[in-house]
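Since the structure comes first, as structure tokens, the remarks are kept for the end.
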Number of protein chains: 2
Amino acid sequence: MNPEQPPQPDKSPDSYCIAGRLRMLARVVTGRYNEAFAAEGVTFAQAGLLMHMFAQPGIRQAELSKRLQIEKSAMSRDVQLLQKNGWLTDNLRNGLYLTEEGRLLAKRCHKIWKALNEQVRTDLGTDAVDGLRVFSDHVFTKLLPNQ
Amino acid sequence: MNPEQPPQPDKSPDSYCIAGRLRMLARVVTGRYNEAFAAEGVTFAQAGLLMHMFAQPGIRQAELSKRLQIEKSAMSRDVQLLQKNGWLTDNLRNGLYLTEEGRLLAKRCHKIWKALNEQVRTDLGTDAVDGLRVFSDHVFTKLLPNQ
DNA sequence: AAGTCGAAGTTGTATATGCAACTTGTGTGC
DNA sequence: GCACACAAGTTGCATATACAACTTCGACTT
């Protein structure tokens with residue numbers, strides 16, 4: 001795949017592995033976001049869910065699953081974890097609602113997210129961000145089965 | 001973040017979340033690769049490691065960690081899993097070597113990978129693949145600390 | 001109302017991943 | 001040779017994720 005390189009990120013230019021590259025990038029970028037949310041005691045994944053639930057109270061797990069392309073059982077467990085922390089009301093099956101504590105946390109997370117996402121966009125530059133958007137659009141139109 | 005959309009992948013065009021998007025893409029694309037490797041009884045992550053070890057026998061965990069940007073403890077466990085399946089010799093600490101069975105599997109995986117990766121590139125198109133490459137290059141130069 | 005079917009959600013099991021703390025190995029200076 | 005420092009690897013613990021199988025819920029039919 002990429003023989004004989006010194007200890008360096010694997011960035012072979014041609015015919016690189018799409019899945020491998022995506023997963024590596026996700027690890028790197030997730031790490032950066034996780035650092036930023038650590039002060040609030042949440043991971044990026046958790047913060048993201050909280051922000052979705054804040055933006056759309058009562059949303060169902062099934063809808064979040066489709067939007068985020070996370071398997072329903074994974075979503076179920078993510079949701080249970082948030083609930084265990086007291087951020088969700090206990091009527092999970094009737095739609096997801098944040099507790100007051102959850103709403104406050106979601107707001108703080110959104111503040112952090114907004115600043116960080118801007119920072120990262122600036123750091124990477126327009127070309128990079130556009131590149132990812134183009135790739136992303138093609139995946140949605142060409143790789144996803146139905147909707 | 002993305003209020004009021006019907007059950008659809010979250011593809012809000014402007015100011016989308018870099019980390020969220022990357023993670024979603026990684027989930028989607030990983031799924032596709034995992035399907036392809038399922039016949040061999042391995043995941044994409046495992047197949048990738050096997051191919052690296054095949055291409056560079058004796059490579060150390062530390063080097064793979066840096067190349068793939070996987071935390072060393074995660075790498076340690078991934079390696080132990082491969083060994084448990086009889087694909088690695090037992091001298092893990094002196095570099096990673098495939099068993100004969102491991103080498104054969106790695107070759108079959110490479111065949112699958114090569115065809116699939118080409119297929120995905122074709123499906124997505126040059127624009128998309130270039131877009132990801134550009135993004136990726138910027139992450140390596142701007143987001144990774146040292147090397 | 002009872003039965004049925006499909007969607008939504010949960011649980012069992014396994015892998016992939018990270019952080020912190022620990023252990024082991026290696027080399028360097030004395 | 002020893003002691004110390006640092007790199008490599010492992011282990012404890014927790015989260016994120018998927019697939020399969022199961023349960024529960026709701027709507028529709030009769």
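Numbers restart at 1 for each chain; the letters A, B, ... are given by sequence-line order, proteins then strands.
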message = Let's see if you can work this out: which of D/dT17, C/dT10, D/dA18 has an atom nearest to the side-chain heavy atoms of A/E71?
response = D/dA18
ask   = Rounding to a whole Å, what distance do you find between B/N91:CG and D/dA8:C1'?
value = 15 Å
A/Q46 CD to D/dA14 P, straight-line distance once rounded to whole Å = 13 Å
inquiry  = If you count every heavy atom of other residues, nucleotides or ligands that lies below 6.0 Å from B/K114 atom NZ, does the total exceed 12?
reply    = no
task = Would you please classify the geometry between the B/F44 ring and the B/Y33 ring as parallel, tilted or perpendicular, with 30° and 60° separating the classes?
result = perpendicular
message = Any side-chain N or O of B/Q69 below 4.0 angstrom from OP1/OP2 of C/dT17?
response = no
task = Using heavy atoms and a sub-4.0 Å distance, could you list which residues of residues 30-38 of chain B are near DNA chain C? By number, please.
result = none
remark   = By nearest-nucleotide position on DNA chain C, the 5'-leaning member of A/A74 and B/D78 is A/A74
Presence of donor-acceptor pair under 3.5 Å, side chain of B/R77 and base of C/dG18 = yes
note = Contacts of A/R77 meeting side-chain hydrogen bond (donor to acceptor under 3.5 Å, both in side chains) (sequence neighbours excluded), chain-then-number -> none
ask   = Mapping A/R23 and A/V79 to their closest nucleotides on DNA chain C, which lands nearer the 5' end?
value = A/V79
query = Just by protein heavy atoms under 4.0 Å, how would nucleotides 22-28 of chain C read 5' to 3' in B, S and -?
reply = --S----
inquiry  = From C-beta outward on B/R27, which listed nucleotide comes closest to its side chain: D/dT17, C/dT17, D/dG9?
reply    = D/dT17
query = Closest to the B/A45 side chain: D/dT17, C/dT17, C/dT10?
reply = C/dT17
Short side-chain N/O contact from A/S76 to OP1 or OP2 of C/dT10, under 4.0 Å = yes
ask   = Between A/Q61 and C/dT10, does any side-chain N or O lie under 4.0 Å from OP1 or OP2?
value = yes
Worked verdict on B/Y97 versus B/L88 for side chain to side chain contact (heavy atoms under 4.5 Å, CB included) = CA-CA 6 Å; B/Y97 297 93; B/L88 297 187; over 6 Å; no
Partners passing side-chain hydrogen bond (donor to acceptor under 3.5 Å, both in side chains) against B/N34 (at least two apart in sequence or in another chain) = none
query = Taking NZ, NE, NH1 and NH2 as the nitrogens, is one of them in A/D123 or A/R32 under 4.0 Å from a carboxylate oxygen of the other?
reply = yes
key: Phosphate OP1/OP2 of C/dT11: any A/Q80 side-chain N/O under 4.0 Å   = yes
inquiry  = In whole Å, I'd like the distance from the CG atom of B/N85 to the C1' atom of C/dA14.
reply    = 12 Å
remark   = So salt bridge (charged side-chain N to carboxylate O under 4.0 Å, His left out) across residues 89-108 of chain B, not counting sequence neighbours, yields B/E40-B/R108, B/E100-B/R103
ask   = Do you see a donor-acceptor pair shorter than 3.5 Å between the side chains of A/Q56 and A/R67?
value = yes
task = Could you say whether B/L92 or A/T43 is positioned toward the 5' end of DNA chain D, judged by the nucleotide with the nearest heavy atom to each?
result = B/L92
query = What residues form a side-chain hydrogen bond (donor to acceptor under 3.5 Å, both in side chains) with B/R60, not counting sequence neighbours?
reply = none
request  = In whole angstrom, give the distance that lies between atom CG of A/L64 and atom P of D/dA16.
outcome  = 14 Å
